[in-house]
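Encoded as structure tokens, the structure appears first; notes follow it.
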Amino acid sequence: MTALHVNQYIALTLSVIMETTAGVLVTVPLRLKTAVKNAALFGSIFVSFMALDYALSGINFSVAYPVWASAGLAFTAVICAAFKAKGLVKAGALGIFLIIAGVMVILFS
């Protein structure tokens, strides 16, 4: 793995973190002024897509996009459950597990 690929995996990680941040901002009732919340939401979505764009320049789309989408979904669900904004029921936990398992099958096939 070259240094360029390492940078792109770092960008993919940043993209997942920013997507999770956006999901939490939408779901968890935070006591922020509307303008601050909207600016943080827009900024996190913008950074997420810019980082994903950079990551896709060196990582295969069939690998990067499923990792980005499933990790963002899973982390958002777990964080929101921790904040008690939305409960994580058994079916939801099973769904997250199946999504991650599906991504692993794609990665290692």
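It should be emphasised that the depicted structure is a prediction, and the values quoted were computed from it without experimental measurement.
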To the nearest 0.5 Å, atom OH of Tyr54 lies from atom CD1 of Ile10 at 9.0 Å
Any donor-acceptor N/O pair, Thr76 side chain to Leu73 backbone, under 3.5 Å: no
Any residue meeting side-chain contact (heavy atoms from CB on, under 4.5 Å) with Leu41, in chain and number order, not counting sequence neighbours: Ala22, Leu25, Val26, Ile45
Do Trp68 and Phe49 make the cut of ring centroids closer than 6.0 angstrom? yes
Distance check, rounded to the nearest 0.5 Å: Ile79 atom CD1 versus Phe75 atom CZ? 8.0 Å
Between OG on residue Ser70 and OH on residue Tyr65, distance to nearest 0.5 Å: 10.0 Å
First locate atom CD1 of Ile59, then atom CG of Leu12, and finally report the distance between them rounded to the nearest 0.5 Å. 5.0 Å
Cluster link Phe61 to Val105, ILVMFWY, side chain under 4.5 Å: no
So, do Leu98 and Leu94 sit near enough that their side-chain heavy atoms are less than 4.5 Å apart? yes
So, Glu19 and Ser44: side-chain donor and acceptor under 3.5 Å apart, yes or no? no
Are Leu52 and Ile17 grouped together when hydrophobic residues (ILVMFWY) are joined by side-chain heavy atoms under 4.5 angstrom apart? no
Short side-chain to backbone donor-acceptor contact, Ser15 and Ala11, under 3.5 Å: no
Spacing of CG belonging to Leu14 relative to OG1 belonging to Thr21, to within rounding of 0.5 Å: 9.0 Å
In Å and rounded to the nearest 0.5 Å, what is the CD to CG distance from Gln8 to Asp53? 10.5 Å
